Amino acid sequence: MMDIARLRQAGPYEWTLPPSAGEGGGEVRLFADAELLRGMDDKVLEQIRNVARLPGLVGAAMTMPDAHWGYGFPIGGVAAFDADAGGVVSAGGVGFDISCGIRCLRTDLSWEQLAPQRHHLADSLFREIPAGVGEEGRLRLSVRELEQVMRQGAHWAVAQGFGPADDLPYIEERGCVGGAEPDWVSDLAKKRQLGEMGTLGSGNHYLEVQVVDRIHDEAAAAAFGLRVGQVLVSIHCGSRGLGHQIGTDYLLLLAKSAASLGLTLPDRELACAPIRSDVGQHYLGAMNSAINCALANRQILAALTRGVLARYWPSARLDTLFDVSHNTCKVERHRVEGRERTLYVHRKGATRAFGPGHAGLPDAYQAVGQPVIIGGSMGTGSYILAGNPPEQNRAFASASHGAGRAMSRHQALKFWHGRQLVDELAARGILIRSGSLRGVAEEAPGAYKDVDRVAEVTEAAGLARRVAFLRPKICIKG
DNA sequence: ATGTTC
């Protein structure tokens with residue numbers, strides 16, 4: 001429970017934390033309403049204040065409406081640093097699941113067309129999409145091939161026959177981020193990934209078949225190709241063992257090197273290094289490699305999904321609406337107090353949300369802004385939103401990424417049982433397929449915040465505007 | 001999140 005008496009309300013959905021006497025540090029800004037804030041742990045405040053004390057911070061260290069406490073840096077946290085001002089890059093500010101994100105695919109099928117086959121489709125997807133901890137797929141890469149994945153991202157997957165090049169414009173960074181340096185990725189990290197390309201993973205990762213339930217913004221929905229009753233498929237996963245091992249390796253390395261680089265860490269878990277340092281550059285090279293791995297992974301999973309769908313509906317389309325990550329540090333240009341600056345924007349459990357006219361968006365979305373995906377908890381629902389211009393979004397083009405946990409996994413296991421949840425959801429017409437009933441219990445809808453409230457507050461705070469609400473029908477869990 | 005308590 002957060003004690004909101006410590007905060008100062010700066011706007012209807014915006015709060016600041018006045019610094020404690022003699023503490024110093026940069027500004028802290030929380031985007032939320034009082035109810036969402038009260039549901040957050042006080043640890044979120046402590047963590048975001050620690051972030052604000054790091055050198056070279058630009059603007060404020062911020063949290064999104066779905067924020068909760070994470071490893072060192074809050075999940076739902078956003079912070080931008082300027083390399084020229086001594087700014088840092090933080091492995092804790094990206095997290096272990098580097099470039100975890102969502103690929104949203106659009107079918108031309110209605111739920112009425114699909115519904116008669118829903119049980120078969122659920123079983124086929126569960127069989128064909130490798131899911132679960134340590135689960136390996138059919139691909140076995142050599143180290144050399146994996147290094148190509150790390151340099152080329154989704155372009156590598158397309159070149160291997162996993163989906164058309166038409167997908168690429170609809171992927172963040174057009175499917176491949178610059179700055180990847182596989183030489184700075186450990187042998188162990190590479191080894192862990194050789195059999196894990198094209199796999200979903202576990203925890204909050206999922207593949208969901210959804211139906212468009214409600215349109216909030218007709219013009220944006222038309223630009224995104226969405227209509228009520230249409231079936232979508234959303235794939236939520238990241239860079240698997242590779243990203244996790246890079247996170248593990250660099251958290252240790254950055255924590256050890258901090259003192260010699262003149263940094264005093266407010267929290268050891270907030271390990272970081274100056275952007276302009278060897279170790280900082282090495283982390284960025286490794287992290288960008290993991291981003292490309294995640295983009296390739298989701299491209300492969302999209303292709304596997306197309307294969308399954310084609311067995312039932314051979315002529316059905318499955319086009320990429322968008323693919324966006326929510327655990328990254330990206331180099332971006334932002335206007336700050338009238339001046340364009342190059343910033344290293346950390347988004348941990350926060351989605352990039354470029355507004356209309358941004359050069360990074362494909363032509364089809366220039367007028368309405370980037371599709372922003374809020375992936376809901378299992379069985380509740382998800383939202384597609386559209387990015388706002390910088391006058392409205394004052395969080396370096398960032399928005400909420402999901403419902404956000406309301407309680408820990410451990411706590412959730414005391415309240416729910418997997419079998420019971422699967423049965424309850426089936427009674428509501430939602431098919432869950434998972435190899436882990438324990439995992440299902442940890443992901444109980446009740447362990448998350450109210451996704452409707454998160455989406456509503458995200459819009460009210462100016463971060464993005466709601467376009468469509470999606471209702472889940474089939475969910476494949478790791 | 002995770003070769004889920006390196």
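It should be emphasised that the depicted structure is a prediction, and the values quoted were computed from it without experimental measurement. Convention: sequence-line order gives letters A, B, ...; per-chain numbering from 1.
For the side-chain contact (heavy atoms from CB on, under 4.5 Å) test, residues two or more places apart in sequence or in another chain that qualify with Ser124(A) are Arg127(A), Val308(A), Arg311(A), Tyr312(A). Listed by chain and number, the residues in a side-chain hydrogen bond (donor to acceptor under 3.5 Å, both in side chains) with Asp450(A) amount to none (sequence neighbours excluded). Listed by chain and number, the residues in a side-chain hydrogen bond (donor to acceptor under 3.5 Å, both in side chains) with Ser377(A) are Thr380(A) (sequence neighbours excluded). For Asn388(A), the side-chain hydrogen bond (donor to acceptor under 3.5 Å, both in side chains) criterion is met by Arg465(A), not counting sequence neighbours. Contacts of Tyr383(A) classified as side-chain hydrogen bond (donor to acceptor under 3.5 Å, both in side chains), with partners at least two apart in sequence or in another chain: Arg214(A), Asp452(A).
You'll find the side chain of Asp123(A) reaches within 4.5 Å of the side chain of Arg433(A), heavy atoms only.
Rounded to whole Å, atom P of dT2(B) lies 12 Å from atom CZ of Phe96(A). Atom CD1 in Ile246(A) sits roughly 14 Å away from atom C1' in dT2(B) (whole-Å rounding). Rounding to whole angstrom units, CG of residue Leu253(A) and C1' of dC6(B) are separated by 17 Å. For the pair Gln245(A) CD and dT4(B) P, the interatomic distance rounds to 11 Å; values are reported in whole Å. Rounded to whole Å, the distance from CD on Glu442(A) to P on dT2(B) is 12 Å. Rounded to whole Å, atom C1' of dT4(B) lies 16 Å from atom CG of Leu437(A). Glu443(A) places its CD atom 11 Å from the P atom of dT2(B), with the value rounded to the nearest Å. Whole-Å rounding puts the Leu188(A) CG to dT2(B) P distance at 15 Å.
Applying the 4.0 Å criterion to OP1 and OP2 of dC6(B), one finds that Thr248(A) has every side-chain N and O outside that range. Applying the 4.0 Å criterion to OP1 and OP2 of dT2(B), one finds that Arg240(A) has a side-chain N or O inside that range.
Taken residue by residue, residues 404-413 of chain A places heavy atoms nearer than 4.0 Å to DNA chain B at Arg409(A).
Annotation: cation-pi pair Arg466(A)/Phe469(A) absent, no NZ/CZ under 6.0 Å from the ring centroid and within 45° of its normal.
Nucleic acid contact class of Glu135(A) (heavy atoms, under 4.0 Å, all strands): none. Contacts of Gly238(A) with the nucleic acid, taken as non-hydrogen atoms under 4.0 Å apart, are absent.
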